[in-house]
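Working notes, structure below.
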Amino acid sequence: MPELPEVETVRQQLAKDVVNRKVKAVSVDNGRMVRRHKSAKDFRTLIEGRSLKTFGRLGKYIIIGLDNGQSLVIHLGMSGQLRRAKSPKEVKEKHTHIVISFTQGGELRFIDPRTFGEMFISVPLPEGEIAEISESSSVAMGGEGIVVRGKIHELAKLGFDPVEDVMSWERFAVVLRSHTMGLKSFLTDQELVSGVGNIYADEILFAAGLRYDRETDSLSTIEVRRLWRSMVEILAESIKHGGSTLDDEQFVDLYGKKGNYQQFHEVYAREGEPCRRCRRPIIKVKSQSRSTFFCEHCQI
DNA sequence: CAAAATTCCTGACTGC
DNA sequence: TGCAGTCAGGAATTTT
């Protein structure tokens with residue numbers, strides 16, 4: 001499932017490959033993919049004729065700045081893929097729901113079997129209302145992310161992006177300790193930390209040597225710092241390897257290529273296999289109605 | 001049939 | 001009593 005590293009991988013590729021391209025036409029075969037708009041036609045009208053200028057990301061959302069100040073926002077959901085086609089003649093994969101064709105030829109296709117993903121055009125709010133929203137955003141602070149967040153009012157509630165937003169571990173400690181909840185709940189709450197999902201929460205917690213159900217306000221200073229470091233490092237490392245592609249091969253990049261980070265997973269989807277540190281079997285439990293993998297010996 | 005997991009929503013429970 | 005925060009569970013969804 002695409003989480004921050006996978007989304008970032010695609011963002012980087014888009015920034016290289018479709019920058020400055022002008023949208024000639026858009027087809028939408030399923031209104032659900034653009035559900036924030038009144039109709040698919042609405043969406044098409046807003047994007048046709050526009051050029052793609054900037055490529056940002058906030059959590060699991062890709063934010064493409066258009067030449068008129070509006071933005072194309074994309075979320076891949078669980079099974080969404082963005083794929084580049086050099087020509088309209090290339091065979092369309094099943095579940096291709098949105099096709100954005102460019103004037104210079106070539107297309108950007110959105111494939112999504114489970115249709116949990118979406119695209120929408122964000123129109124900036126009038127000046128006065130912007131300040132209000134970014135102020136109400138609980139943890140918003142510093143860095144490039146705030147600029148994007150402030151501009152995209154639909155994403156105002158997202159928490160800080162651990163890769164994009166600059167934040168010291170001391171600051172992180174304040175946010176962490178101001179809540180009473182399990183660590184995994186904290187990491188996967190998009191309004192607190194944006195971009196971390198089920199896979200990376202488990203990997204980060206293993207790297208930090210902390211259990212998924214440790215209470216956020218029970219960590220020592222050393223543990224907070226370890227969690228912070230693990231979060232930043234694991235996400236950066238995964239981005240370096242093009243993200244994770246699981247056995248279901250759900251995630252592939254713009255060109256259909258798999259990521260490589262799955263080979264470095266220490267716990268995720270390794271139930272019963274030996275922990276690489278202590279050799280004891282990895283445990284699987286349900287938490288927040290989601291699978292959680294961890295090592296009972298190495299995580300406290 | 002169950003499992004996979006995203007966001008959104010609702011309902012329940014807890015602590016102050 | 002009320003409120004905010006947290007969490008469990010369900011919906012929408014398709015493939016294996």
Side-chain angles (χ1 to χ4, degrees), chain A residues 1-8 10 28-37 57-63 73-82 92-98 110-120 122 136-139 152-159 161 174-205 211-218 238 243-252 259 262 265 267-272 282-293:
Chain A
M1 323 300 129
E3 299 181 28
L4 189 154
E6 291 75 33
V7 175
E8 174 62 15
V10 174
V28 180
D29 87 329
N30 181 347
R32 183 172 151 74
M33 307 313 299
V34 291
R35 49 191 172 273
R36 297 200 196 212
H37 294 278
R57 180 189 55 72
L58 186 52
K60 302 173 189 171
Y61 291 84
I62 291 174
I63 297 160
V73 183
I74 305 170
H75 193 285
L76 301 176
M78 288 180 57
S79 57
Q81 297 177 1
L82 282 175
K92 269 194 192 56
E93 275 186 53
K94 208 176 167 182
H95 305 296
T96 300
H97 297 308
I98 299 179
F110 191 39
I111 304 163
D112 189 4
R114 296 181 207 175
T115 69
F116 285 8
E118 63 163 335
M119 282 195 192
F120 66 91
S122 175
S136 70
S137 169
S138 51
V139 226
I152 313 295
H153 62 273
E154 293 91 340
L155 307 184
K157 287 170 73 172
L158 287 184
D161 182 299
V174 174
V175 182
L176 188 69
R177 291 191 170 128
S178 67
H179 295 271
T180 308
M181 63 202 298
L183 285 182
K184 183 163 179 177
S185 299
F186 178 85
L187 290 175
T188 56
D189 186 332
Q190 301 302 301
E191 296 187 16
L192 297 173
V193 179
S194 59
V196 176
N198 207 39
I199 298 171
Y200 292 100
D202 283 4
E203 292 301 319
I204 289 165
L205 288 168
R211 285 177 58 104
Y212 67 99
D213 55 356
R214 265 293 287 284
E215 291 289 311
T216 48
D217 57 359
S218 78
S238 180
S244 305
T245 298
L246 305 178
D247 293 338
D248 60 13
E249 299 188 10
Q250 205 80 247
F251 170 72
V252 290
Q262 64 282 1
H265 289 181
V267 287
Y268 191 81
R270 294 194 65 239
E271 182 187 18
I282 298 299
I283 308 290
K284 176 185 178 180
V285 295
K286 279 271 182 214
S287 172
Q288 301 168 98
S289 34
R290 219 118 288 173
S291 304
T292 289
F293 300 88

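Nothing here was measured: the structure is a model prediction, and the numbers come from that model. Naming: A, B, ... by sequence-line order, numbering from 1 per chain. Just so it is clear, the values below take in all heavy atoms, side chains as well, and ignore hydrogens, waters and symmetry mates.
With the nearest nucleotide of DNA chain C identified for both A:Glu215 and A:Asp112, A:Glu215 has the one nearer the 5' end. For A:Glu118 and A:Arg114, each mapped to the nucleotide of DNA chain B holding its nearest heavy atom, the one lying further toward the 5' end belongs to A:Arg114. Heavy-atom distances to DNA chain C give each of A:Ser178 and A:Ser289 a nearest nucleotide, and the one nearer the 5′ end belongs to A:Ser178.
The side chain of A:Arg32 places no N or O atom within less than 4.0 Å of a non-bridging phosphate oxygen (OP1 or OP2) of C:dT14. Dashed line: the shortest gap from a side-chain N or O of A:Lys60 to OP1 or OP2 of B:dT7 is under 4.0 Å. For A:His95, no side-chain nitrogen or oxygen approaches OP1 or OP2 of C:dT13 to under 4.0 Å. In this model, the phosphate group of C:dA12 is not approached by any side-chain N or O of A:Arg35 to a distance below 4.0 Å at OP1 or OP2. Checking the phosphate oxygens (OP1, OP2) of C:dT6, no side-chain nitrogen or oxygen of A:Ser185 falls inside 4.0 Å. Checking the phosphate oxygens (OP1, OP2) of B:dA3, no side-chain nitrogen or oxygen of A:Ser291 falls inside 4.0 Å. Between A:Lys94 and the phosphate of C:dT15, there is a side-chain N or O to OP1/OP2 separation shorter than 4.0 Å. Distances shorter than 4.0 Å separate some side-chain N or O of A:Lys286 from OP1 or OP2 on B:dA4. At B:dA4, one or more side-chain N or O atoms of A:Lys284 fall inside 4.0 Å of OP1 or OP2 (strictly under the cut-off).
Closest of all the heavy-atom pairs between A:Leu205 and A:Tyr212 is CD1-CA, 3.7 Å. Here the shortest heavy-atom pairing between A:Ile74 and A:Leu82 reads CD1-CD1, 4.0 Å. Smallest separation of non-hydrogen atoms from A:Thr180 and A:Glu215: CG2-OE1, 3.3 Å.
Listed nucleotides C:dT13, C:dA8, B:dT6 differ in distance to A:Thr115; the shortest reach to its side chain belongs to C:dT13. For A:His75, the listed nucleotide lying nearest its side chain is B:dT7; candidates were B:dT7, C:dA12, C:dC7.
One interatomic measurement links the two molecules: CZ of A:Arg290 to C1' of C:dG10, which rounds to 11 Å at whole-angstrom precision. As rounded to whole Å, 18 Å separates atom P of B:dA3 from atom CG of A:Leu246. We find that NE2 of A:His97 is positioned 13 Å from C1' of C:dA12, with the value rounded to whole Å. The distance between atom CG of A:Leu76 and atom P of C:dT14, rounded to the nearest whole Å, is 18 Å. Taking atom CD of A:Glu271 as the reference point, atom C1' of B:dA2 lies 14 Å away to the nearest angstrom. The distance between atom CG of A:Asn30 and atom P of C:dT14, rounded to the nearest whole Å, is 9 Å. If you take CG of A:Asp189 and P of C:dT6, they are 8 Å apart, rounded to a whole angstrom. Computed from coordinates, the A:His179 NE2 to B:dG15 P distance equals 18 Å when rounded to whole Å.
Of the residues listed (A:Arg35, A:Arg36, A:His97, A:His37), the one engaging A:Glu118 in a side-chain hydrogen bond (donor to acceptor under 3.5 Å, both in side chains) is A:Arg36, and it is the only one.
For the side chain to side chain donor-acceptor pair (under 3.5 Å) test, no residue two or more places apart in sequence or in another chain qualifies with A:Thr188.
Within 4.0 Å of A:Gln190, counting heavy atoms only, lie sugar-phosphate atoms of the nucleic acid but no base atom. Among the protein residues, A:Gly182 comes within range of the sugar-phosphate backbone only, with heavy atoms under 4.0 Å from sugar or phosphate atoms but none that close to a base. Across all strands shown, A:Thr180 has heavy atoms under 4.0 Å from sugar-phosphate atoms exclusively, and none from any base.
In summary, the side chains of A:Glu6 and A:Tyr200 do present a donor paired with an acceptor at a separation below 3.5 Å, with no hydrogens or angles considered.
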